[in-house]
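Each remark here refers to the structure printed beneath this line.
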Amino acid sequence: MTNVLSDEDIPLSQRKATVTSKISETAKKRKSVTVKNERSISDSDDQIPLKKKRATETAVVATKAQPSSKKIKTEEKLSKSPASTKASPAKANGKSKKVNNVSAKQATEPESDIDEKPLAKRKVKKTDSKADGDDTSTQEKEEEEFYKWWESESNDGSVKWNSLVHNGVLFPPPYEPLPAHVKLKYKGVPVVLPPEAEEVAGFFGAMLETDHAKNEVFQSNFFNDFKAVLKNCGGPHLNVEKFEHCDFTDIFNYYEEKRVQKKAMSTAEKKRVKEEKDKLEENYKVCYLDGRKELVGNFRIEPPGLFRGRGSHPKTGKLKERVMPEQVTINIGFNTPIPQPPDGHDWAEVKHDNTVSWLATWKENINGAQKYVFLAANSSLKGMSDYKKFEKARELKNHITRIRKDYTKELKDELMANRQRATAMYLIDVLALRAGGEKGEDEADTVGCCSLRYEHVSFKPPNTVVFDFLGKDSIRFYQEVKIDPQVYKNLKLFKKAPKKIGDQLFDRLDPPTLNRHLQNYMPGLTAKVFRTYNASKTMQDQLAKIENKGTVNEKYVAYNAANRTVAILCNHQRTVSKAHEQSVGKIEDKILEIKLQRYRLKMTIAQLDPKLKKSDPEYFQPDPELDDTAMDRLIDQIIQREKDKVAKKFQKENEKRAAEKEEALSESELRTRMKVVEELEAEYKKERKTGKAEIKNGMTVEKLQAQIEKLNERIVNTTLQLKDKEDNSTVALTTSKINYIDPRLTVMFSKKYNVPIEKLFSKTLREKFKWAIESADENWTF
DNA sequence: CTCTTGACTTAGCATATAGTAA
DNA sequence: TTACTATATGCTAAGTCAAGAG
């Protein structure tokens, strides 16, 4: 078991990695772009006073031991009647207990065992009505001030609530059968399907034109499940055996038409539909947690459909079945009215577990995974855990120096397990890799650090490693990295024969082992904390480089550039939109057109003052990309556009006249209007032929030069816009903004640089990060 | 201990809505 | 005002990690 290595003596290299990363395609087409990503991991300083640290620790212990007796008291009546807003007892209680419990780590267990855990089971025994009655009779105030949990005592989080009131979940509407004339055809013959089967055929038909429906695995998984449903519900009047013989186009057309209709609805109709939807949802979207109104995140039970796995997922296309109330477990406060299941149905179970935050759960049939209904991102519960996540990452800065020193040393450890661990830590720290847990046969083949395999790394001497693998969501990770020479050696070693394709690089390491080791440095430290830490640290460093001057817009652009650095570090990508290529082409054309106009102005100057051209012939040359073909094409384009415009305007005017019962404009009117465009065309053509521009009255060299200056500006701006678009086309900024960058950094930036927070955080983000907005100032540091 | 399950965060894509240029 | 694009939000899949089961 103890694999001994020969000791290789390599001087401690500088702790800096230069990374050339090629953000690029997943299995699908992604545009590949080369990015230079330079990041120095030079250390941060260990300087948080020990005292402070200890204080937080005791606080955590203390609240854990908080007695739960009060819970019984805070029970409430169902949501619609405004819940009681009595302040949660947590604060006062936690505080008084704290004193007694400073040394209470031990005491926690037995006490809380009796006191907290069994609460759920106790509910039956409870003789609660009294406490309950008391509670509701106390006059309830409507809507208390927003609860600033971040200003109250910290709370250890093992008890998530003392009272929880909600209305359960919203089920998707039942299936609406297709009209009689819309049918699946089998070998050209319409098939009469029972509704259960028709629904499944409809799922496929509706997505006929998507990439999914063209994927063979998807087709075959779908078809197997479809046949099973057919068999189950008695089967159609003729045998449906082969996918190839199925024709879904009628179904597709039907749904397509419905979509078009929906889109074409008038604003008033749309409004009405939305109101109906809101009405349906209003009961479900809020709940009361410890008496405070909070939003529920996903109160809707996921509708049935075909499973859309990411990447090449073996189960993609399988039928995701309709979830029935009998499969749904509700979690709700003790003595709280239980939401009514739909008529004629029952819940699978009703729990009262206040150590979890979910309101409902069910098991999904594709992977057997649990699905949950949680509170929304702006809820106190989510906010608190978000806050804790960032505080944990901040705490890491007190340990990072030592951790880095240790793993650098252990890169040469004689024990294989240690050497692998150190190498993995390096990759997680420097390249921001995920932990990489084991995955099954029936999942997409994706990896993280610990699950990297032989085929995922290759070498370019002297010390460049090429990483190429599919990570979470089958997003490709491709980087050529100049790496610490010892890490280079180690990876080579981990690949050594007899290892071959398919074998794990880190065969003596897995995430639990790694995380256990990390806990030694800091309680709660796990692999993912490094991503948060490095993302936020990088953001802070990038923001620090921004000069506090210029317009708000310029600062905003600089902020986004910092954000982008982080997104690249975390390899957050997005597929280039279908329209991207096209819209880039449009902008490129726009630039060319401006250049053409600039060239024409220059020609005019040459006409007005030929001496100028003699003295600087270079200036009067057309831009290199403006060759003859390009110019002709652009001119055609401009003329065509003008013609379309005239025609459209003419048509509009006539429609208006028709509506007002006026006489339509004559065809000759249209011709007269077109003539103007034709004259313009003739002018362009003549210019092209003679190479001379027409001089219009009032033109002077100065005026023309001023116009050229304007055009120059527009060219610069548009080019920048294009570059920005290209740079951003494959990088997703939002993921890091939502999950990795401590929001207090953004708040700091907003205040210090006078950029309105609205510009940096969308409405939802402002709500989610309310705690940060209200607690950080311009001097806040991560 | 290893394997599985439960609970929660993180992720990109699809669609709705807002914003903006024509 | 309209038409298009950019951004925001909704959705749910796919990770991580701790705790429970065997």
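Just so we're on the same page: letters track the sequence lines, and every chain starts at 1.
For dT10(B), the OP1/OP2 oxygens have no side-chain nitrogen or oxygen of Arg310(A) closer than 4.0 Å. One finds a side-chain N or O of Lys371(A) lying less than 4.0 angstrom from the OP1 or OP2 phosphate oxygen of dA13(C).
The side chain of Tyr372(A) approaches dG6(B) more closely than any other nucleotide in the set dG15(C), dA11(B), dG6(B). For His313(A), the listed nucleotide lying nearest its side chain is dA14(C); candidates were dT9(B), dA13(C), dA14(C). Comparing dT12(C), dG12(B), dC1(B) by their closest approach to the side chain of His572(A) singles out dG12(B). For Lys389(A), the listed nucleotide lying nearest its side chain is dT10(B); candidates were dT10(B), dA18(C), dC8(B). Minimum atom distance to the side chain of Lys472(A) is reached by dT10(B), of the listed dT10(B), dT9(B), dA7(B). Considering only side-chain atoms of Ala435(A), the nucleotide from dC17(C), dT17(B), dA7(B) that sits closest is dC17(C).
Between Tyr387(A) and Trp771(A), the ring planes are perpendicular. Angles over 60° get that label, and only those under 30° would be called parallel. Taking the six-membered ring where tryptophan is involved, the planes of Phe171(A) and Trp347(A) are essentially parallel, since the angle between them stays under 30° and well short of 60°.
Using a 4.0 Å heavy-atom cutoff across all strands shown, Ala369(A) reaches no nucleic acid atom at all. Among the atoms of the strands shown, none is found under 4.0 Å from any heavy atom of Thr361(A). The residue Gly436(A) sits close only to the backbone: its heavy atoms come under 4.0 Å of sugar-phosphate atoms, none of a base. Using a 4.0 Å heavy-atom criterion, one finds that Phe307(A) contacts the sugar-phosphate atoms exclusively. Nucleic acid contact class of Lys274(A) (heavy atoms, under 4.0 Å, all strands): sugar-phosphate only. Among the atoms of the strands shown, none is found under 4.0 Å from any heavy atom of Lys263(A). Residue contacts shown for Gln519(A) are limited to sugar-phosphate atoms, with no base heavy atom under 4.0 Å away. Residue Lys262(A) is in sugar-phosphate contact alone, with no base atom involved, counting any heavy-atom pair closer than 4.0 Å across all strands shown.
By the side chain to side chain contact (heavy atoms under 4.5 Å, CB included) test, Asp442(A) pairs with Lys315(A), sequence neighbours left out.
Taking atom CD of Glu758(A) as the reference point, atom C1' of dG19(B) lies 16 Å away to the nearest angstrom. Between the P atom of dA11(B) and the CZ atom of Arg531(A) lies a distance of 5 Å, rounded to the nearest Å. Spacing between atom NZ of Lys763(A) and atom P of dA16(B) amounts to 18 Å, rounded to whole angstrom units. Atom CD1 of Ile475(A) and atom P of dT10(B) are 17 Å apart (whole Å).
Residues Thr735(A) and Val356(A) each lie close to DNA chain B; by heavy-atom proximity, the contact nearer the 5' end of the strand is made by Val356(A).
Using a 4.5 Å heavy-atom threshold, the side chains of Arg300(A) and Glu281(A) count as touching.
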